[in-house]
Every structure is written in C-alpha cells, then in structure tokens.
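Naming convention: chains lettered A, B, ... in sequence-line order (proteins, then strands); numbering from 1 in each chain.
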Number of protein chains: 2
Amino acid sequence: MAEKTEAPRRVALSRDRVLRAAVALADGAGIESLSMRRLSDELGVVPMALYKHVANKEELLDGMLDVVVGEIDPPVTGIDWKSAVRQRILSARQALLRHPWASRVLESRSNPTPVLLDYMNSMIGIFRASGFSVSLTHHLMHAIGSRLLGFTQELFDDTRTAEAMPAEVVREMARRYPYVAEIAGAASHDGETVVGPGCDDQFEFEFSLDLLLDGIERLRLRESTSGPRPVER
Amino acid sequence: MAEKTEAPRRVALSRDRVLRAAVALADGAGIESLSMRRLSDELGVVPMALYKHVANKEELLDGMLDVVVGEIDPPVTGIDWKSAVRQRILSARQALLRHPWASRVLESRSNPTPVLLDYMNSMIGIFRASGFSVSLTHHLMHAIGSRLLGFTQELFDDTRTAEAMPAEVVREMARRYPYVAEIAGAASHDGETVVGPGCDDQFEFEFSLDLLLDGIERLRLRESTSGPRPVER
DNA sequence: ACCTGAACACCGTTCAAGT
DNA sequence: ACCTGAACACCGTTCAAGT
C-alpha cells in the first residue's frame, strides 16, 4: 500500500534535530510560538515523541541556548586580556543578535548547562591568566554581568518607540517627560517636535563595554602596584 | 436566608485592590503561581471580574510593576549627582529585593508605563541638571542599564549553587571548571574541596555600581575640560 | 518493549445567554 | 445595562491502553 504522502519519509528524530528545529522555530516565529506541540507539528511527529530526546521543556530551552553559545568564537590567544575579552564579548553579541529570543530565555534559566559553564570558565581564565586576583576577578564578573554574553538588559526599547506614534502623542510625551524625550532624540523647539533616529545599539554596547573595561584596567593597575585592598573578602 | 459564609462580605473590587492582591500573591507564592484564575480565587470573585479593572494580564503585570516602582524613594535634592544617583539606585534595589519577581517581569515588558517613564525622567534629570551633555547622558543611561532599577542580570546564581551538591559533584565541577570553582569560592587544596560562603550580593552590587559611577565621573570631567568628543553622534 | 492517543489539570480570553 | 458560566483554543505532561 502507498504510504501517507503528507510527510514523505521523515529522517529519524535525534536530540540534535529537535534542538535545531526549535532554534529555527524560535528564530522564525518568535519564542512565544515555541510550544512542544507546535514544535512536534513542525517535525511531523506526535508531541510525545519529543520527550524521548528532551526530558521536558526546560531541558529543550537549555539545549537551544547551548546551540547559541556554541556559535560564539573561541577566545583569541596571544593578545592582551582587554582585547581578548572585548573580541569574545562582541562575538557573543553577534550570536545573540542572530537569535533575539536567546537573551530572554537565558535570563529565565536557573542552572547553567555544562556548555555555559565552559564559556564562563574560559572567560574567567582570561582574567586569571593575566594576573588578576581571584577576588578582583570575582567582582569583575559581577560587574560585567550579562554583557559577558553579549547583551544588556534594556529597560525599554527606545529605537522604535516614537516611530509609530502620532505627532500629538509625541508632543505630549515630550511635555511630560522632557528629559526622556531629549535622550530619545526628540528635540522640541519652536513648538515643533522632531523625532530623531533611533540610537546605534552597537555603538552604545561598545561604549558601555569600554567604560567597564577601562575601569577594570584601572583597578588591575592599582591592584598590581599595591597590596590587596582593605575591602577584600 | 443566610448568606454564604465562605466569603463573608467582600469589599468592592477596585484596580488598586486587584494590583495589591496580585503583588501579594506573587510575593508569597511566586510569579509562576500568578494566573488570572488563581488571583480571582484569592479575591473571591469570578475570573472575568478582573477584566473590569485590567484589560488583560499584560496590563495587570504593568500595574504590579507600578506598585513596586512607587516604593522607590524620590531623589534627594541638594547633593552632588553621584550621591543622588547612588542613593536612588540603592533605594530601587531595596524595592526590587522586596519583590523578587519584579526584575524578571520588568524585563518582559515591551512598553514603559507612565510611572516608569517618570522614574527614568527624574533619573535623567539628575545628570542633565549637573551639566552632563545630552549625548553623554544618553550613553550613560545605556551603560548603567538595568542597574538603574536596582538589579543586575546575574547569569547564574552562584550563592546557593554548591550548597546542595554532593561533595563528589563539587569535586568534579572543580576539576572541569577550575576557574569557575575558584571564583565561586570553592578552594581546592590537598585533594580536599572546601566550599566557601556565597558572595555578598550587596557588596557586589555596590562594587559594580561604583565602578560605573567612577567611570562616568571621569568622562564628565573630560567632557567639561575639552570640546565634544569626535565620536559624538 | 516500545509507542502514542486520550486524558488531565491547567492557561488567557471570548461571547452569548441570563438577569 | 450589567454580569458571568460555559466555551474556545490553547498549554506541558501523565498514563494506560494498544501494538
């Protein structure tokens, strides 16, 4: 008898294929569209089939993040710590930009996967190998925070805020929140309201990153020219 | 006839009462337990009754955040910008610590509420009133990022990671991720693995905040002693 | 032993029927 | 005009029945 022609002959499922399909689905349709049921549809299998390759949805999300972290370039060796850290973080940022859902999912995780631990470990290693003390390195890791993985938590998206708003609303906004409007690039003069272009995210990211790295460099110089700070713990 | 005694005589619902109950529920049972249905149960009303006070769940979450932001102290006036910013951010941190779900919910919001815009506006105002240029202030706001509201996105929680783990697992972790273990306070010597205390979050927060504020101060001094930087946009 | 359809215990929200 | 029970269109996951 003829087989069903709808799904002509499916390649056997595998954890890898499940994860790839999940990443593709989240990239294309958005993370809110990623459900076990929808994903199984996409793969032409019954929902329960997924549970042979991932224990539950949490593990699926962990696996998806591992795919993204896997796209980050390995650290360049033989250069100064600042360049090495900077380059790697900017590479991480590229990976995160390719998968806009990843930063939000990352934030929702409770325990790091081995892949993420490897990434953190090699990042910390750059500092330690350059002579940073354990405790200073610890503090730095907290200070760099989510930037380590190439993203910053923006409190709100100021790039496209004003675009879709009627001029009247923009004017009212500028009146109630003059400083916000100024920063957002909405210059108000002669009663006329002009909405400037959204800001350059890449520039802002590098500005902030360099502000931190410069501060860190200063701390390292201080640490290496004097004893440990009294504040050490 | 006797009334039902289960819910003796409910106070009329109001937006305020709905929001307070939602905050209390999220505080007590966790944000994952907050559903429209569960919340209506808690208030002794039918789920649909909530929809007269909030348009949908998104608006409920926005309202809950407004409650939290409302707990942040107003800015202290008459002191230098650095102290003013520092104090306000530390006050925001206290509010966020009282409502552990708030930072995560905040990150999921797409558009800021008027209450949040007011907060941002007054924060920006501190910088502008102290002579920071519009563009430098813009960059700073990006650099301070989520710290403005008193939290940092921790990539993973290193305070309680090692506590619940069997000694064997800790030892294996220390072998595979030596730098991470070092930072996490797990010192390995003589084959013995000792797990140190979790780090002091308040110290780490202030360390990072001061690293940024010191960097910002240096930028301001540079800005005020020379013309605008070539990199301005 | 393996696979999976149906079911369970939930969601947020719509809507028509009831008062 | 107001209110709300039932329904809709979903979830993630369990489990027992089928092969």
Side-chain angles (χ1 to χ4, degrees), chain A residues 1 3-4 6-15 17-19 21-26 28-65 101 104-111 113, chain B residues 1 3-4 6-15 17-19 21-26 28-65 101 104-111 113:
Chain A
M1 290 298 132
E3 292 187 13
K4 274 170 108 182
E6 183 85 24
R9 189 68 183 91
R10 285 288 173 189
V11 186
L13 266 197
S14 68
R15 187 167 209 272
R17 226 165 73 79
V18 169
L19 295 183
V23 168
L25 179 56
I31 191 69
E32 72 284 354
S33 301
L34 180 84
S35 69
M36 300 299 272
R37 292 164 121 102
R38 171 88 187 265
L39 177 59
S40 66
D41 266 9
E42 216 81 20
L43 285 161
V45 299
V46 86
M48 278 309 294
L50 301 177
Y51 286 80
K52 253 228 290 272
H53 301 99
V54 290
N56 47 41
K57 195 179 181 182
E58 297 289 285
E59 200 184 293
L60 175 74
L61 292 171
D62 278 341
M64 291 169 68
L65 287 178
W101 46 270
R104 210 192 308 263
V105 172
L106 197 55
E107 287 159 12
S108 73
R109 251 51 320 263
S110 47
N111 289 311
T113 63
Chain B
M1 293 296 130
E3 292 187 15
K4 275 170 109 178
E6 182 84 24
R9 189 68 185 90
R10 284 289 174 191
V11 186
L13 267 197
S14 67
R15 188 167 210 273
R17 226 165 74 79
V18 169
L19 296 183
V23 168
L25 180 57
I31 190 70
E32 72 284 354
S33 301
L34 180 83
S35 70
M36 299 299 272
R37 292 163 121 103
R38 171 87 188 265
L39 177 58
S40 66
D41 266 8
E42 216 80 21
L43 286 161
V45 299
V46 86
M48 278 310 294
L50 300 177
Y51 286 81
K52 253 226 291 273
H53 301 99
V54 290
N56 47 41
K57 194 179 182 182
E58 297 289 285
E59 201 183 292
L60 175 74
L61 292 171
D62 277 342
M64 292 168 68
L65 288 178
W101 46 270
R104 207 189 315 260
V105 172
L106 197 56
E107 287 159 13
S108 73
R109 255 46 324 261
S110 46
N111 289 312
T113 64

Quiz item: How about A:L13 and A:V45: do any of their side-chain heavy atoms sit closer than 4.5 Å?
Solution: yes
Sequence neighbours excluded, the answer for salt bridge (Lys or Arg N to Asp or Glu O under 4.0 Å) partners of B:R37 is none
Writing each nucleotide of DNA chain D 5' to 3' as (, ), [, ], | or . by Watson-Crick or G-U pairing under 3.5 Å yields ||.|||||...|||||.||
Rounded to the nearest 0.5 angstrom, the CG-NZ distance for A:L39 and A:K57 is 9.5 Å
Expected list for residues 52-65 of chain B near DNA chain C, using heavy atoms below 4.0 Å, is B:N56, B:K57
d(B:L50 CG, B:N56 CG) to nearest 0.5 Å is 11.5 Å
Interatomic distance, OG1@A:T113 vs CE@A:M64, rounded to 0.5 Å, equals 13.0 Å
Hits for side chain to side chain donor-acceptor pair (under 3.5 Å) against A:S33, two or more places apart or cross-chain, chain-then-number order -> none
Contacts of B:S108 meeting side chain to side chain donor-acceptor pair (under 3.5 Å) (sequence neighbours excluded), chain-then-number -> none
- request: Determine the Euclidean distance between corresponding C1' atoms of C:dT14 and D:dG12; express it in Å to zero decimal places.
  value: 23 Å
The salt bridge (Lys or Arg N to Asp or Glu O under 4.0 Å) partners of B:R104 (sequence neighbours excluded) come to none
For D:dC15 and C:dC3, measure between their C1' atoms and round to the nearest Å. 13 Å
Whichever of A:M36 and B:A49 has the more 5' nearest nucleotide on DNA chain D, that residue is B:A49
To the nearest 0.5 Å, atom CG of B:L34 lies from atom CZ of B:R38 at 9.0 Å
By side chain to side chain donor-acceptor pair (under 3.5 Å), B:R109 pairs with (sequence neighbours left out) B:E58, B:D62
Contact span of DNA chain D against chain A, any nucleotide atom under 4.0 Å from a heavy atom, 5' to 3', runs D:dC11 to D:dC15
